Amino acid sequence: MTPLLEARHLRYAYPDGRQALRDCSLSIAAGSRNVLLGANGAGKTTLLQHFNGLLRPTSGELRLDGQPFDYSRAGLAALRRRVGLVFQNPEAQLLAPTVAADVSFGPLNLGLPPAEVRQRTAFALAAVGLTALAERPVQHLSHGQKKRACIAGVLAMSPDLILLDEPMAGLDAAMQAELIAVLDRLAAEGVSLLVSTHDVDFAYRWADTLYLLEDGCCTAAFAADAWPEQLAVLRAAGQPQPAVLSLYQQLSERGLAAAPRLPRSFDELLAALPRKAAAPCEECSECLEKSGLSAPVPATPT
Amino acid sequence: MTPLLEARHLRYAYPDGRQALRDCSLSIAAGSRNVLLGANGAGKTTLLQHFNGLLRPTSGELRLDGQPFDYSRAGLAALRRRVGLVFQNPEAQLLAPTVAADVSFGPLNLGLPPAEVRQRTAFALAAVGLTALAERPVQHLSHGQKKRACIAGVLAMSPDLILLDEPMAGLDAAMQAELIAVLDRLAAEGVSLLVSTHDVDFAYRWADTLYLLEDGCCTAAFAADAWPEQLAVLRAAGQPQPAVLSLYQQLSERGLAAAPRLPRSFDELLAALPRKAAAPCEECSECLEKSGLSAPVPATPT
Amino acid sequence: MHIMEGFLPLPHALAWTAASAPALLWGTVKLKQRLAAAPQERMLLGVATAFAFVLSALKLPSLTGSSSHPTGVGLGALLFGPLAMVPVAFVVLTFQALLLAHGGLTTLGANLFSMGIAGPGIAYLAFRLLRRLGLAPAVFAAAALGNLTTYVVTALQLALAFPDATGGVFAAFIKFAGIFALTQVPLALVEGMLTVVIVNALQRFNAEELRLLPLGQARESN
Amino acid sequence: MLIDSIAAQSRWRRVSPAAKTGFALAGLLAALLADSAPVTFGLALAFALITCYGAGVPARLWLRVACLPLGFLALGVLPLAFSWAPATGWHWAPDAGTRMAEVLGRAAAASTALLLLVLSTPLADLFDLLRRMRCPTVLLDVMHVAYRMLAVLSVSTADMQRAQAARLGHVSTWHSLRSLGLLLACLLCETWRRARDLERAAAARNGADGLRFLSATPAHPWRDASIALVASSALLAVVLGARL
């Protein structure tokens, strides 16, 4: 199957000569959840900005649905309708004085009639749960609400692929949960997502496919379940192991947990633990002791 | 013992009438590691800005070493020399062209002789590991380096208490580890620290004492080990349980882990797990089976 | 030096509006041409307008103990040139009237004339004339003279509207200029020094971007 | 920006901006046309009452907003009390009373008329009106970006000022001046960064060549316009009637 988006050997140098991307190839399947993982400064933002044509590679090629990117004015407009980018800093993205006005910016630029723009704006605001705040001045929103307004602004253009640059940055636990719920809803409706982050726990829990970016090079692409096989290259890129994974490995090494497949969240890990371990009867304990084994299960602490 | 800093029934309203702090009392002991925990918008920044006199409470009282704050020009200067504040956004704090110039800003304002300013600047840069970058223009630093430069700028005034507003925000794993190492070094040298965050995992792992801020009220103050007793009030403030704590509880409930005291990091949790569980011998297994118990330990997955 | 809403009688309000309108029109047309050639400057101009607004709302530490606000007239003229300053100042003054109740709509023409046309014009002229004496003196003179010009023009506008019962317009001008001189002359000096500090820091920070602007171009042509 | 946040919560937020602007402009004209102090003071009182009881702006907030321009006005008319001539020097102006009353009344009426508009209409609503009145796109774009960035740069400025105060940047006048210079230079650099970011963000949503936004449509534009027309005519009739 043709991938939705494909990058082949991208290289990009800043005007001052510094290499931002050295060699990056990856391909994104339609309808998938993707995470771009990398340390700060690895080139995640630069790569995302290539994917909707804001930056043009020094060499290498980008394809959408198998067709090379067309950097003409019309080509870029068509590209950006299909691939939306949510910037890391909402203050850099929100242009209009009110939430609804900002969301209408993209659809209006598509040249749609006002009635359709209004309908799309309403739909996008509902999708991110901001309907009640539509007429609120942007500067009165909280950081989490601004973030969701940015997503609505991109969603209103009904793109096939949404790129999100560090969407969790600066959000507290409650806001993160809200945002992940929004992302899950979008994924369920068939929108492809590519999220850049340096949070391995979130990446491991949420993604279907992961791409590792290290110092401008795409050094790995793998399914989340294949994480353990990629340990060496991930560690080289400064990415720690997800807490749930290291814990599960330790537990299963000690024979305390077993699951048909690797748990990706703490809830899944807990499900892989045995239910309450029964204390062995006296006879058994004696038997165990005799064979030189300590009781396998420690007493529950008081 | 007189606490280093004490706040009594602080209230603060913004100029437009909104209540930012409703009732906040807390006290900070000299030489301790403190964390101020709260959701975004709970009032953490507002509270920190009271502690070095940037904001003045509408009612209530603040004391340093038992003495009420003196809001005269000279009093504020003395206060800010002893209580330093590192702002969340380094862009707002680093205003001089080079790192060394920025670090010298505070000591110069103290009116110290140039030789001493130079010496303090060098010392502070060394403490945060930025000596090599002293003459670098500020805008060429990475986000993590900027953060450390901000700390150096405060440290150069040799304060007794350093307040850090959301220092981990936006840092990747490696940068966070570096920053925590800097904080640990400061704490070891006897500097008191108060760190605001919404990251419960970091708070639980690092703090001696925690203060919970919910919607402008200080609703709890407790030692990290007492976390489980504060669950209800923490949950009411939207704070999830630290992952390590919920996991340990689940494990120990199932009789799979026991530790003399609650583990505060994953490493401590692993140490609390039994070593490799030996498979019971055949005789024992039979015995266990006879008494109607399944084998307490699941087989290691292949 | 804003003249507040309703302070000027109707004929004066209309006359100053008529006096400022051609400059605004010309500045806008020029700006449109400039943005057609360099569309990337559209956002820069918008953000810079916001900067000018924020600047004019800052308290200036004053030598006399009281505090007042910088006009930013000189800095604006150096950064964007006197012609682009007219629409920028127009937006800033409109925002000040509508968001801060500072100045007004009926006095917009008069205020635009003093702060968007006369002040920046003189500041720019002073900068070009004194450039060869060195950057700092030229910047200082431009900013201080820009500030002083707005105040002299404002005093003149008030004198024309409220001539003295015995001494006429001239006496009224001496009166208004004399009263404002107490606070305004030290402030003009402070704004001059401040602008020098800004330009110095800016050169160390951001020499790259400066090259695009009149300030930087003047330096290069030297 | 206290005025703008009051306007966002005003009871007349949904009233057609064109109607509100029309009435406020009629108010300004009436203030400038009125030639007797009682009429202008009456107008000022009327505008204040309409703002508080019509548009539902709490009187406490109205006072807080109004005290600045009205205080400024009180100071501003003082020079009119004195007269100066080379021969006589300073003395009381013979026409001080009437002239001060005239200016006080006119400026108070005009200011309160403008306050009626800005306390019931957020600035953003006026942009739509300006667009429909064929204001040049260049100016509208500058206004949109400037309005949005005003909030952002104000926050940056406040943060920077606090950060400098926390490190004793304001211990003396000279220190304050130097700190302010550094702050403004940084803010100016931020201006370039923000402009570049916005340029990119607009391009990412296909908006590289102009800012267009959909505006909320008022519920009853014609009803609002007719009420404003009637009220404006009545206002001007009263003022012109008093002149005759």
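In the text below, chain A, chain B and the rest are named by the order of the sequence lines, each starting its count at 1. This structure is a prediction, so every number in the text was calculated from the model and none was measured.
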Query - Pick from D/G207, D/A8, D/A151 with the largest number of heavy-atom pairs that fall under 4.5 Å of chain A - result: D/G207

Query raised in the report: Counting heavy-atom pairs under 4.5 Å to chain D, which of A/P107, A/A101, A/A156, A/G106 comes out on top?
Result: A/A101

Report task. Sequence neighbours left out, what pairs pass side-chain hydrogen bond (donor to acceptor under 3.5 Å, both in side chains) with at least one residue falling in residues 126-143 of chain D? Result -> C/R42-D/D141

Query raised in the report: Measuring heavy-atom distances to chain A, does D/A203 have an atom under 4.5 Å in its side chain, in its backbone, in both, or in neither?
Result: both

Query raised in the report: So which part of A/L54 gets closer than 4.5 Å to some heavy atom of chain D, the side chain, the backbone, both or neither?
Result: side chain

Query - Engaged part of D/R193 at the chain A interface, taking heavy atoms whose separation is under 4.5 Å - result: neither

Report task. Give, as side chain, backbone, both or neither, the part of A/R118 having an atom under 4.5 angstrom from any heavy atom of chain D. Result -> both

**Report entry** Region of D/V145 in contact with chain A, defined by heavy-atom distances below 4.5 Å
**Finding:** neither

Report summary line: Output for pair (A/E135 CD, D/R14 CZ), nearest 0.5 Å, gives 5.0 Å

Query raised in the report: Say you draw a straight line from CD of D/Q9 to NE2 of A/H140; how long is it, rounded to the nearest 0.5 Å?
Result: 7.5 Å

Requested in this report: Flag yes if more than 12 heavy atoms outside A/Y71 fall under 6.0 Å of its OH atom; otherwise flag no.
Outcome: yes

Query raised in the report: Looking at A/C150, A/G153, A/P97, which one has more heavy-atom pairs under 4.5 Å with chain D than the rest?
Result: A/P97

Query raised in the report: Could you state the interatomic distance from CZ (D/F213) to CG (A/L95), rounded to the nearest 0.5 Å?
Result: 5.0 Å

Report summary line: When the 4.5 angstrom heavy-atom criterion is applied to D/D4 and chain A, the contacting part is side chain

Query - Segment of D/M1 engaging chain A (4.5 angstrom heavy-atom cut-off) - result: neither

Query raised in the report: Just by distance, do the side chain of D/N206 and the backbone of A/L110 share a donor-acceptor pair under 3.5 Å?
Result: no

Report task. For residues 106-117 of chain A, pull every pair meeting side-chain hydrogen bond (donor to acceptor under 3.5 Å, both in side chains), keeping only residues two or more places apart or in separate chains. Result -> A/N109-D/R212, A/E116-A/R120

Query raised in the report: If you measure from the Lys or Arg side-chain nitrogens to the Asp or Glu carboxylate oxygens, is any gap between A/D102 and D/R205 under 4.0 Å?
Result: yes

Query - Nearest-0.5 Å distance that lies between atom CG in A/N89 and atom CZ in D/R194 - result: 5.5 Å

Query raised in the report: Under a 4.0 Å N-O cut-off, is there an ion pair linking A/E91 with D/R148?
Result: yes

Requested in this report: Evaluate side chain to side chain contact (heavy atoms under 4.5 Å, CB included) for D/L214 paired with A/F105, printing each intermediate quantity in order.
Outcome: CA-CA 7 Å; D/L214 213 56; A/F105 179 67; over 6 Å; no

**Report entry** A/Q139 to D/Y147 - nearest heavy-atom pair and separation
**Finding:** NE2-OH, 3.5 Å

**Report entry** Least distance between heavy atoms, D/A201 atom then A/A92 atom
**Finding:** CB-O, 3.2 Å

Report summary line: Okay, A/L94 and chain D: the region with an atom under 4.5 Å from a heavy atom over there is both

